[in-house]
Amino acid sequence: MAAEVVVATPQIRDQETTPFFESVNRSFTKAALLLDYPRGLLEQIRVCNKVYYMQFPVRIRGEIQVIQGWRAEHSHHRLPCKGGIRYAETVDQDEIMALAALMTYKCAIVNVPFGGAKGGIKINPRNYTEEELERITRRYTVELIQKNFIGPSLDVPAPDYGTGPREMAWIADTYMTFRPDDINALACVTGKPVEQGGVRGRTEATGLGVYFGMREALSIPELVRPLRLNPGLEGKRIIVQGFGNVGYHAARFLQQEGDAVITAVVEWDGAVYNPNGIDVQELAQHRKETGSVLHYPKAKTIPLEERDSVLEYECDILLPAALESQIHRYNAPRIKAKIVAEAANGPVTATAEEILLQRGILVLPDIFLNAGGVVVSYFEWLKNIAHVRLGRLEKRFEERTNQRLVDMVERLTGQSLTSLERQLLQRGPDELDLVRSGLEDTMIGAFHEVWEIYKSRANVQDLRTAAFICAIDKIATAYFQLGIFP
Ligand code: NAD
């Protein structure tokens, strides 16, 4: 439990905006000042408990390359710690500590009993072959194993920017090779392919959670009417930045389930724009075939030099789903969206948020909105430590019960259902049904916990502060339960 720094280099990212961890801590402090907890307790919640900085050699095309990596465990008030692993050239210690902190607050808000963590490797995955990435990933995992920074009851990574099920499978396999006697070894990482111990619905979980969260928030007239918007997602014009795991799935559900209109998709190499709407599935197919969203024939292509100006186009909702600090003090005054929905982690800096709030723009905060990934990761972890597929015990029982009910209704009414109606009513839930309904329920419940705080406390002016209060209250309670702070 004690704060510990294994190895750390004092790296603060060289950027013109506020350092990311400082930005997160500014939001934390804004909420903490409204709370009546002992200073020491708030300080313990805020700080990052443990950071491991590593440099390891990997042979790449005949040359030895020294690769830099990190794993930060922000809070141990609940174990294991949980948080993704990011592959990006921009990764540094400040970023990883900030992302680990966000994980702590996020888990608390959605009632996932984990502390927050994050890992990262400073590489551009596009510069490496699959085989090279596998070597880097396995070597990084060995570092984590050696320093006890991974394990089903210690610290459980997941995918993040630049990683996915493939990397998680390599991590699980490496861990199991080193710990063959750990019966729960598969639970050392989540976001694995389903065939390798993953859970159905994890891949799209963050994007689907973003959709559920936005749907719930936009259904509240008191929240959307002051923005001169009608409640609901239908017809809302949305600009999406980042068409990766989170951005693509969020856009897909917003369009297919929410009837929203995706007017622009911004990617690393440029953007596409069509004020009448872009078909998300078609755009994904175009990118699959050509390697880029650019030159999609049913939209205007915006070149790289003008890419970031697309964030400032007219729209109802701006959905940043790429990286942090995308909306900063320089472009915040020009954002025309009425709502900024933070699908990425930390896309709005603390200074930018002040500007947006002054301009009457609603910000749906990341620590609530993109928590769907960790919710379903929690389900995967539970599945792995229970050693049973979700739904295995009850599916057939529920089908039989439903069948008896349908038979009875037919008998009593004298009417027969069509075979399709019968099938739909009788069907017992499978793993995907359970995961999605658990995710939906969690996102709705979490939104209302945050909303209650926002509504009931006159001194809370924005949803991020409400979300931080929600998180701090729960973490403080956990510390009190542990008996550390009397
Ligand atoms: P990803 O790697 O799958 O996708 C990111 C996309 O953003 C890529 O397509 C990339 O090309 C694009 N991109 C990079 N720079 C850009 C730029 N300047 N402008 C526009 N697009 C750009 O990553 P992801 O998993 O979707 O993660 C995106 C964000 O969501 C990150 O902030 C991550 O921390 C956060 N997040 C991810 C998860 C998850 O489950 N994957 C969960 C919670 C939060």
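Below, each value reflects all heavy atoms present in this structure, side chains not excepted, and no hydrogens, waters or symmetry copies. Order of appearance sets the numbers: ligands from 1, and atoms from 1 within every ligand.
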Quiz prompt | Heteroatom distance test (N345, ligand 1): nitrogen or oxygen, under 3.5 angstrom | solution = yes
Quiz item: What closest approach, in Å, do A264 and Y273 show between heavy atoms, and which atom pair accounts for it?
Solution: CB-CD1, 3.8 Å
Quiz item: Once the angle between the rings of F114 and W381 is folded into 0 to 90°, is it parallel (under 30°), tilted (30 to 60°) or perpendicular (over 60°)?
Solution: perpendicular
Quiz prompt | Heteroatom distance test (K106, ligand 1): nitrogen or oxygen, under 3.5 angstrom | solution = no
Quiz item: Charged N to carboxylate O below 4.0 Å: is that the case for K338 and E314?
Solution: no
Quiz item: What atoms of ligand 1 come within less than 4.0 Å of a heavy atom belonging to V266?
Solution: 20 (C), 21 (N)
Self-check item: Of the listed options A371, A322, A343, closest to atom 29 (C) of ligand 1 (non-hydrogen atoms)
Solution: A322
Quiz prompt | Region of R86 engaging ligand 1 - heavy atom pairs below 4.0 Å | solution = side chain
Quiz item: At the 4.0 Å heavy-atom cut-off, does G84 count as touching ligand 1?
Solution: no
Exercise. May I ask which of E204, E267, K118 has a heavy atom nearer to atom 6 (C) of ligand 1 than the others do?
Key: E267
Exercise. Could you say whether the N/O atoms of D160 and ligand 1 ever approach to under 3.5 Å?
Key: yes
Quiz item: Where does R126 meet ligand 1, judged by heavy-atom distances below 4.0 Å: at the side chain, the backbone, both, or neither?
Solution: side chain
Quiz item: Is there a side-chain contact between D308 and N331 (heavy atoms, below 4.5 Å)?
Solution: no
Quiz item: For ligand 1, which atoms sit closer than 4.0 Å to a heavy atom of T206?
Solution: 38 (C), 39 (C), 40 (O), 42 (C), 43 (C)
Quiz prompt | Side chain to side chain, I45 and I472, heavy atoms closer than 4.5 Å | solution = yes
Quiz prompt | Pairwise distance OG1(T349) to CZ(F20) - rounded to 0.5 angstrom | solution = 10.5 Å
Quiz prompt | Sidechain N-carboxylate O distance under 4.0 Å for E354, R26 | solution = yes
Quiz item: What protein heavy atom sits nearest atom 4 (O) of ligand 1, and how far off is it?
Solution: G244 CA, 3.2 Å
Quiz item: Which part of R202 is near ligand 1, with near meaning a heavy atom under 4.0 Å away: side chain, backbone, both or neither?
Solution: side chain
Which donor-acceptor pairs under 3.5 Å do side chains of residues 152-161 form with protein atoms, sequence neighbours excluded?
unit_1	atom_1	unit_2	atom_2	d
D155	OD1	R71	NE	3.3
D155	OD1	R71	NH2	2.5
D155	OD2	R71	NE	3.0
D160	OD1	K118	NZ	3.1
D160	OD2	R86	NE	2.8
D160	OD2	R86	NH2	3.2

Exercise. Give the atoms of ligand 1, by number and element, whose distance to some non-hydrogen atom of Q241 is under 4.0 Å.
Key: 19 (N), 20 (C)
Practice problem: Distance to 0.1 Å, residue and atom name: give those for the protein heavy atom nearest to atom 3 (O) of ligand 1. | Solution: N245 N, 2.9 Å
Quiz item: In terms of the angle between their ring planes, are F28 and F468 parallel, tilted or perpendicular, with boundaries placed at 30° and 60°?
Solution: perpendicular
Quiz item: Is the centre of the H74 ring less than 6.0 Å from the centre of the Y105 ring?
Solution: yes
Self-check item: V246, L304, T90, V376: member with heavy atom nearest to atom 27 (O) of ligand 1
Solution: V246
Practice problem: For atom 23 (O) of ligand 1, find the nearest protein heavy atom and state the residue, atom name and distance (0.1 Å precision). | Solution: Y161 CA, 3.3 Å
Quiz item: Distance from I136 atom CD1 to Y140 atom OH, nearest 0.5 Å?
Solution: 12.5 Å
Quiz item: Numbering the atoms of ligand 1 from 1, which are under 4.0 Å from a heavy atom of G162?
Solution: 2 (O)
